[in-house]
2 protein chains.
Amino acid sequence: MHTQTSCGVTAEQLENFKQACKQHGLRLTPQRVEIFKTVALSKEHPDAEHVFETVRKTMPNVSLDTVYRTLSSLEDLGLVFRVGFSSKARFDADLDEHYHFVCTQCGEVFDVVPSSGEKLSIPPEVQHLGRVQKVNLQFSGLCRRCQAKQKDL
Amino acid sequence: MHTQTSCGVTAEQLENFKQACKQHGLRLTPQRVEIFKTVALSKEHPDAEHVFETVRKTMPNVSLDTVYRTLSSLEDLGLVFRVGFSSKARFDADLDEHYHFVCTQCGEVFDVVPSSGEKLSIPPEVQHLGRVQKVNLQFSGLCRRCQAKQKDL
DNA sequence: ACTTACTTAAGAAAAATTATTAATAAGGAT
DNA sequence: ATCCTTATTAATAATTTTTCTTAAGTAAGT
């Protein structure tokens, strides 16, 4: 069994969080700790507004801006995963099954056309959750060109 | 080889578009045709603003509102695919590999934890495009509860 | 030719996120 | 312990993206 803090976040998780902050020179402010704990505790994939409301219960003065800023920095440290993609909507008329690679730097979107053997099969547990109408698979990272640019510095 | 129109949209694609519009009682306005063609021709996954600018070159009076309205209806007909997820950002502190099923009706997000055999492997052609830092796999559709609600009507 | 959906225009309004600025406080130095 | 530097924060304002309103005109499709 895991060692747990009173609030349910594993001590391991918290320690990991503190280490990552220290490593990147981020100060351990109460707001940051509270926001991290809130996401770590929630099982419902909260949005920024929801985190804001939850944190406000114990820290009535946090601003929504801090929540957004903190969530972004936690994402940068890899401590929190952003579900979905919050950028503006983009469209594609190619309806054949294919995926996308999005460069986090330049924003370019590349098509990934799977070979017949690579096509994604919908896991049975997903079909049990509901009727799947759409599959969205997106990889993101640094594209070749942006990688090269970084090295040029 | 495919039969092509002068502008590069396959006749098949256009025919499919016209049929779908007819089936759903959507009128075949020049704006709708032009917007569809623009997305179909573009290889760059354009956003609404980009479509707007492109369409304006040949139809200087289209409004941005029409572009948004049309793109949405084309998506509803399944003629156009919305890349990424345009909803608000949601966060998850669970960093283990897992996917999500999002209900298009109620918005609830369900976790999909793959069994070891189901885990996604990153295709080599993706690794060739750049350094993958994040994988985002999202299924969407109607969840069980919302399915039941629909039947109850 | 008629009906009715659709579009334009111009503006307002939501909704989500980010920037500005002055005050505050974390964490290292003294 | 206290001081200092600099990141961080609260509060508010601003931006960005998308949708809605209203009204008047246009044109698709039967």
Worksheet entry | B:R32 CZ to B:S73 OG distance, which is reported to the nearest 0.5 Å | 5.0 Å
Item to complete: Round to the nearest Å and state the distance from B:E34 atom CD to C:dC6 atom C1'.
Response: 17 Å
Worksheet item: Any luck finding a side-chain donor-acceptor pair between B:R69 and B:T66 under 3.5 Å?
Response: yes
Fill in: Note, B:S121 side chain near A:E118 side chain (heavy atom, < 4.5 Å)
no
Item to complete: Answer yes if the side chains of A:H100 and A:N136 hold a donor-acceptor pair under 3.5 Å, and no otherwise.
Response: no
Worksheet item: Atom CD1 of B:I35 to atom P of C:dC6: distance rounded to whole Å?
Response: 13 Å
Worksheet entry | Cluster companions of B:V102 among Ile, Leu, Val, Met, Phe, Trp, Tyr (side-chain spacing under 4.5 Å) | B:V109
Practice prompt. Could you state the atom-to-atom distance from CD of B:E75 to C1' of D:dT18 in whole Å?
Written response: 13 Å
Worksheet, complete the sentence: B:D92 meets the salt bridge (Lys or Arg N to Asp or Glu O under 4.0 Å) criterion, sequence neighbours left out, with none
Worksheet, complete the sentence: From the list B:L14, B:T10, B:N16, side-chain contact (heavy atoms from CB on, under 4.5 Å) with B:E12 holds only for B:T10
Discussion item. How many whole angstroms separate atom CZ of A:R32 from atom P of C:dA26?
Written reply: 11 Å
Worksheet item: Just how far is it from atom SG of B:C103 to atom CD of A:Q133, taken to the nearest 0.5 Å?
Response: 8.5 Å
Worksheet item: Taking OP1 and OP2 of D:dT9, is either one under 4.0 Å from a side-chain nitrogen or oxygen of A:T29?
Response: yes
Discussion item. Tell me which residues in residues 58-67 of chain B lie within less than 4.0 Å of DNA chain D, going by non-hydrogen atoms.
Written reply: B:D65
Worksheet item: How long is the gap from NE2 on A:H45 to NE2 on A:H50, to the nearest 0.5 Å?
Response: 12.5 Å
Worksheet item: Counting only heavy atoms not in B:H98, do more than 12 fall under 6.0 Å of its NE2?
Response: yes
Worksheet entry | Separation of D:dT9 C1' from A:L28 CG (nearest whole Å) | 15 Å
Worksheet item: Counting only side-chain N and O atoms of A:Y68, is one of them less than 4.0 Å from OP1 or OP2 of C:dT17?
Response: yes
Worksheet item: So does A:Q31 get a side-chain nitrogen or oxygen closer than 4.0 Å to the phosphate oxygens (OP1/OP2) of C:dA25?
Response: no
Worksheet item: Atom CZ of A:R27 and atom C1' of C:dT24: how far apart are they, to the nearest Å?
Response: 10 Å
Practice prompt. Ignoring hydrogens and angles, answer whether the base of C:dT18 and the side-chain atoms of A:R69 contain a donor-acceptor pair closer than 3.5 Å.
Written response: no
Worksheet item: Looking at five pairs on each end of the helix from C:dA1-D:dT30 to C:dT30-D:dA1, what is the angle between the two axes, given to 10 degrees?
Response: 40°
Discussion item. Are more than 12 heavy atoms, taken from residues, nucleotides or ligands other than A:K18, located less than 6.0 Å from that residue's NZ atom?
Written reply: no
Item to complete: Considering only Ile, Leu, Val, Met, Phe, Trp and Tyr, and joining two whenever side-chain heavy atoms are under 4.5 Å apart, list the other residues clustered with A:V132.
Response: A:Y99, A:F101, A:F110, A:V112, A:L120, A:I122, A:V126, A:L129, A:V135, A:L137, A:F139, B:Y99, B:F101, B:F110, B:V112, B:L120, B:I122, B:V126, B:L129, B:V132, B:V135, B:L137, B:F139
Item to complete: Within residues 47-57 of chain A, find the residues that approach DNA chain C with a heavy atom at under 4.0 Å, and present them sorted by residue number.
Response: none
Worksheet item: Between D:dT9, D:dT8, C:dT7, which one does the side chain of A:L26 approach most closely?
Response: D:dT8
Worksheet item: How close or far is atom P of D:dT19 from atom CZ of B:R82, stated in whole angstroms?
Response: 6 Å
